[in-house]
Protein chains: 2
Amino acid sequence: MSVPSQKHDVFQAIADPTRRQVLKLLGEQELPVTVISGHFPMSRTAVSKHLRILADAGLVKERKVGRETRYRLEAEPLMELKRWLSYYERYWENKLNVLKRFVESDDEEGGNPFSALELIDPKDTNK
Amino acid sequence: MSVPSQKHDVFQAIADPTRRQVLKLLGEQELPVTVISGHFPMSRTAVSKHLRILADAGLVKERKVGRETRYRLEAEPLMELKRWLSYYERYWENKLNVLKRFVESDDEEGGNPFSALELIDPKDTNK
DNA sequence: TTGACATGAAACCATTTGGTTTCGTATAAT
DNA sequence: ATTATACGAAACCAAATGGTTTCATGTCAA
């Protein structure tokens, strides 16, 4: 199959802050486990497990070089996230448009943009 | 406080598939808990807990209407995700980066460019 | 050859997570 | 006034998660 059966998906993989930091580190350059774990207040083994989860999600690739295993970022699976996100973009673009129209308009009687943006809890004004 | 102290962050909130489905449902329209839970093979209480987590992350807002609590999508916190993602976009936006990184590397120990280029699946060109 | 280094696997542990059932309370309907 | 509906809180539970320490193996260096 072209689609590897992933034990961990991208959403779950990036849920952990440590793993997001690891990805960022690997964005700079390919690195072996020991160097990576040097950046974290936990054991090398713990970092190694995070790397396994990232690898399961396809977000890092390993390469053996002598006695070390170097990991590098593989950003492609993040496209799934991007696609997912794009569905919701209209929701906040909508809100930005509301604000934009207010700012560009001279009409002060068209209502308060903040209530339109739902930044004000309706319950505050109703009860 | 204008900034809600979030017990759950966005990354963790969207890690669960059920919660992502809930968000999608609420994208259509504001809905009460019972209706939402009707779409899932679990108890209303379980869904209610998912809604609490989404609310903690700021992704849904509640509104009391009579004896029901209606939930609606609040997409704005997803902007944090978008910002995070944007950092990684350069990695897939230009597929030549793969080759570029090889050319710029001083790696003496192997890692030929062809194996690196296998990362690009020819069948992916339609995606 | 011997010793040091790099790493993953395994066993273990505490906490978190995702679910359940039960119960109390507020609101709506008869 | 009584009953039914909508909901969250609480107590509970199994499994997953994120960490640890220990051990075995492969590789490099002296």
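Proteins come first, then strands; the chains are lettered A, B, ... in the order of their sequence lines, and each starts at number 1. Every heavy atom of this structure was used, including side-chain atoms; hydrogens, water molecules and symmetry mates were not.
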Starting at CG of B:L31 and ending at C1' of D:dA6, how long is that distance when rounded to a whole Å? 14 Å

Would you tell me if any nitrogen or oxygen in the side chain of B:Q12 comes within less than 4.0 Å of OP1 or OP2 on C:dT16? no

By nearest atom, which of the nucleotides D:dG19, C:dT20, D:dT20 is closest to the A:T18 side chain? D:dG19

For B:S43, side-chain contact (heavy atoms from CB on, under 4.5 Å) partners two or more places apart: B:T45, B:A46

With heavy-atom distances below 4.5 Å as the criterion, would you say the side chains of B:L23 and A:Y87 are in contact? no

May I have all residue pairs that pass side-chain hydrogen bond (donor to acceptor under 3.5 Å, both in side chains) and include part of residues 24-38 of chain B, sequence neighbours excluded? B:E30-B:R63

N/O (side chain, B:H50) to phosphate O (OP1/OP2, C:dT17) under 4.0 Å: no

Starting at CG of A:D56 and ending at P of D:dG18, how long is that distance when rounded to a whole Å? 13 Å

Rounded to whole Å, please give me the gap between CD1 in B:I14 and P in C:dG18. 13 Å

B:R19 CZ to C:dG19 P: how many Å, rounded? 8 Å

Using a cut-off of 4.0 Å between protein heavy atoms and nucleotide atoms, how would you tag nucleotides 5-11 of chain C 5' to 3' with B, S and -? BSBBBB-

Side chain to side chain contact (heavy atoms under 4.5 Å, CB included) assessment of B:E74 paired with B:L59: CA-CA 5 Å; B:E74 187 64 54; B:L59 286 167; 5.6 Å; no

In Å, rounded to the nearest 0.5 Å, how long is the span from CD1 of B:I36 to OG1 of B:T69? 10.0 Å

Can you tell me the distance, in whole Å, between the CE atom of A:M42 and the P atom of D:dT17? 16 Å

How far apart are the C-alpha atoms of A:L81 and A:F11, what are their side-chain angles, what is the distance that settles it, and do they pass the side chain to side chain contact (heavy atoms under 4.5 Å, CB included) test? CA-CA 7 Å; A:L81 231 191; A:F11 290 91; 3.8 Å; yes

Atom-pair distance (CD1 on B:I36; C1' on D:dG8), nearest Å: 14 Å

